[in-house]
Engineer: 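Just passing along the structure, written as structure tokens.
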Amino acid sequence: MPWFRQFYLPLHPVVNTSSMITKYIFVTGGVTSSLGKGIIAASLAKLLQARGFKVTIQKFDPYINVDPGTLNPYEHGECYVTDDGAETDLDLGHYERFLNTPTSSANNVTTGKIYQTVINKERAGDYLGKTVQVIPHITDEIKRRMRLLEKEANYEIIITEIGGTVGDIESLPYLEAIRQIRRDLGSDHTLVIHLTLIPYLSAAKELKTKPTQHSVKELLQTGIQPDILVCRTEHSLSKEIREKLALFCNVEKEAVIEAIDAHTIYDVPILMLKEKLDKTVLRKLHLKHKNEPDLVLWKEFLGKLKNPTKEVDIALVGKYNELPDAYKSIYESFIHSGAINECKVKITPIHSETLEIDSIVSTLQQFDGILVAPGFGERGIFGKIEAVKLVRERKIPFFGICLGMQCAAVEFGKNVLKLKDAASTEVNPKTTNPVIHLMPDQLGITAKGGTMRLGAYKCRLAKGSLAHKIYGKQMIEERHRHRYEFNNDYLERFEQNGMLASGINPDTNLVEIIELTNHPFFIGVQFHPELKSTVENPHPLFVAFVKAALEYRKQKSS
Ligand code: GLN
């Protein structure tokens with residue numbers, strides 16, 4: 001069997017769960033943020049899934065935004081979109097990439113959402129004159145949302161990651177909700193994993209446990225004794241350190257798990273397996289081991305990832321380059337598609353704002369492929385359009401995503417159709433040639449949160465097109481997040497001159513994919529393929545783009 005498989009097929013047959021009680025695992029963070037709770041949660045979920053359990057992960061974020069859709073990518077990284085159109089935290093991307101199963105709006109909750117629901121109920125008079133308070137009303141709503149997926153999909157295990165760090169004021173209602181759920185369900189059915197940092201003091205040449213002791217104390221003050229400590233560290237934990245942590249933090253020795261810095265996030269499930277995190281979890285939750293974990297495909301992927309036989313250089317032309325998290329799913333998609341091609345994909349971020357007419361050729365021509373990234377607003381547009389011109393003329397493999405596709409349409413309008421002021425109305429509302437314009441259902445919308453075209457939509461591929469060849473089927477479904485679209489008034493002229501609309505939404509006629517017929521690889525997509533690439537099912541467009549870049553590189557060198 002190939003090591004990649006159809007997206008969204010359950011990895012294991014779903015067991016009969018009628019009499020089952022869902023087990024809850026909560027993951028909290030201590031000492032500092034950015035320790036990788038999402039990766040630890042996803043790795044544990046992967047191991048449990050590989051043992052045959054039906055598992056999902058959800059994230060509760062303590063900030064007050066209703067969702068991260070209104071957050072600047074510099075603040076919080078990429079906004080990840082689910083099939084059902086929820087704008088969510090980027091950790092959901094990790095969950096999907098690791099588990100190869102989709103998440104939904106129920107998998108990401110924020111304080112904003114919780115309060116919105118409670119306040120709406122209060123306005124509707126649902127509380128019957130009671131004083132509405134954090135406890136019990138906010139905590140009840142948190143608990144309701146924490147247990148929502150249990151009813152929806154018969155999960156055997158639900159892992160809940162709590163954003164932020166223990167000790168933050170805004171985390172308190174979540175910790176109180178966990179305390180209550182533990183009281184309600186009992187310790188056989190709930191488990192708390194505390195992810196913490198064991199800093200290394202190089203002057204003393206010592207790993208220090210004190211910050212973790214304090215962090216556990218903080219957790220204890222909320223009534224929660226963690227069951228397992230996962231310890232992020234740059235150096236291996238000695239037996240003594242493990243014993244000390246166990247003693248001072250009141251956990252079993254076996255429940256002190258080392259999470260040493262990994263070469264790639266995809267190593268973490270294997271590291272956790274070695275530390276027996278999954279076995280400890282199952283024992284504590286009184287769950288019988290079903291199988292030994294089936295990680296054949298995962299290990300095959302890792303083998304290919306670590307032993308590439310080829311290399312390509314890809315330029316990522318974008319404007320949020322200072323923070324790689326802003327393009328998280330694109331970077332990860334290249335890891336998946338590179339591995340399947342046994343190819344190391346070197347990505348060089350190029351700031352579109354710094355691309356000037358006289359430097360564009362020298363900056364971009366050495367690359368084997370150019371991806372023009374998604375984005376919003378006018379800043380950096382000129383550089384993106386000029387980059388497209390270069391790749392079109394020099395026949396360098398091109399992949400445009402969302403705004404990148406729109407730039408390709410504008411460039412074609414300007415330079416091939418000679419429509420001098422061709423533009424997207426997002427950038428030039430007064431243009432006489434709006435090749436990209438606002439979708440009719442976006443007219444008049446002023447609110448920013450949750451109002452874009454969001455989530456999965458069908459797309460029919462033109463027979464014989466490059467897109468059709470790549471996907472190997474005619475009907476696909478991809479996720480969207482945009483307000484503007486290709487203007488169909490220009491479609492005939494585009495097609496007559498060699499720019500084919502190879503993907504069309506069958507219900508609305510919106511153009512979803514454009515490709516150049518006289519170019520070896522020039523594809524622009526209005527949707528976000530990067531949101532559906534997983535370890536076990538790398539996205540076909542990324543796989544094909546890497547292949548095209550390899551081909552181009554070979555040609556160049558010969
Ligand atoms: N700004 C463009 C739009 O709203 C593209 C969005 C994107 O790249 N995600 O249509």
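Start at 1 and go down the list; that is how both ligands and their atoms are numbered.
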Engineer: Phe486 and Phe494: aromatic ring centres closer than 6.0 Å?
Structural biologist: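 Aromatic pair counts; centres sit under 6.0 Å.
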Engineer: Can you list the ligand 1 atoms lying under 4.0 Å from a non-hydrogen atom of Cys402?
Structural biologist: 5 (C), 6 (C), 7 (C), 8 (O), 9 (N)
Engineer: Do the rings of Phe522 and His519 sit parallel, tilted or perpendicular, given the 30° and 60° boundaries?
Structural biologist: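 Perpendicular, since the angle between the ring planes exceeds 60°.
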Engineer: Counting non-hydrogen protein atoms only, what is the nearest one to atom 9 (N) of ligand 1? Give residue, atom name and distance.
Structural biologist: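 Sorting protein heavy atoms by distance from atom 9 (N) of ligand 1 puts Arg481 O, 2.9 Å first.
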Engineer: Among all protein heavy atoms, pick out the one at the shortest distance from atom 5 (C) of ligand 1; state its residue, atom name and that distance to 0.1 Å.
Structural biologist: Gly375 O, 3.3 Å
Engineer: At a non-hydrogen distance cut-off of under 4.0 Å, which region of Glu485 contacts ligand 1 (side chain, backbone, both, or neither)?
Structural biologist: neither
Engineer: Can an N or O of Phe376 be found at a distance shorter than 3.5 Å from an N or O of ligand 1?
Structural biologist: no
Engineer: Do the charged groups of Glu512 and Arg453 touch, with an N to O distance under 4.0 Å?
Structural biologist: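 Salt bridge between Glu512 and Arg453, a charged N being under 4.0 Å from a carboxylate O: yes.
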Engineer: Could you find the nearest protein heavy atom to atom 3 (C) of ligand 1 and give me its residue, atom name and distance?
Structural biologist: Arg483 N, 3.4 Å
Engineer: Taking NZ, NE, NH1 and NH2 as the nitrogens, is one of them in Lys458 or Asp507 under 4.0 Å from a carboxylate oxygen of the other?
Structural biologist: no
Engineer: Please say whether Gln406 places an N or O atom under 3.5 Å from an N or O atom belonging to ligand 1.
Structural biologist: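 Yes, there is a polar N/O contact under 3.5 Å.
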Engineer: Note the single closest protein heavy atom to atom 10 (O) of ligand 1, along with its residue, its atom name and the distance in Å.
Structural biologist: Tyr484 N, 2.8 Å
Engineer: Which of the atoms in ligand 1, numbered in the order shown and given with their element, are less than 4.0 Å from a heavy-atom of His482?
Structural biologist: 3 (C), 4 (O), 6 (C), 10 (O)
Engineer: Taking only heavy atoms of His528 into account, list the atoms of ligand 1 that are under 4.0 Å away from them.
Structural biologist: 9 (N)
Engineer: In the protein, what heavy atom is nearest to atom 1 (N) of ligand 1, and what distance, to one decimal place, separates them?
Structural biologist: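 Nearest protein contact, heavy atoms only, for atom 1 (N) of ligand 1 is Glu426 OE1, 2.7 Å.
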Engineer: If you count heavy atoms of other groups shown closer than 6.0 angstrom to CD1 of Ile445, is the number above 12?
Structural biologist: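 Correct, the count exceeds 12.
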Engineer: Assess whether a salt bridge exists between Lys113 and Asp61, defined as any Lys/Arg side-chain N lying under 4.0 Å from an Asp/Glu carboxylate O.
Structural biologist: no
Engineer: Taking 4.0 angstrom as the limit, do Asp421 and Lys414 come out as a salt bridge?
Structural biologist: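 Judged by the 4.0 Å cut-off on N to carboxylate O distance, Asp421 and Lys414 do not form a salt bridge.
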Engineer: Over 60° means perpendicular and under 30° means parallel, so tell me whether Tyr327 and Tyr320 are parallel, tilted or perpendicular.
Structural biologist: tilted
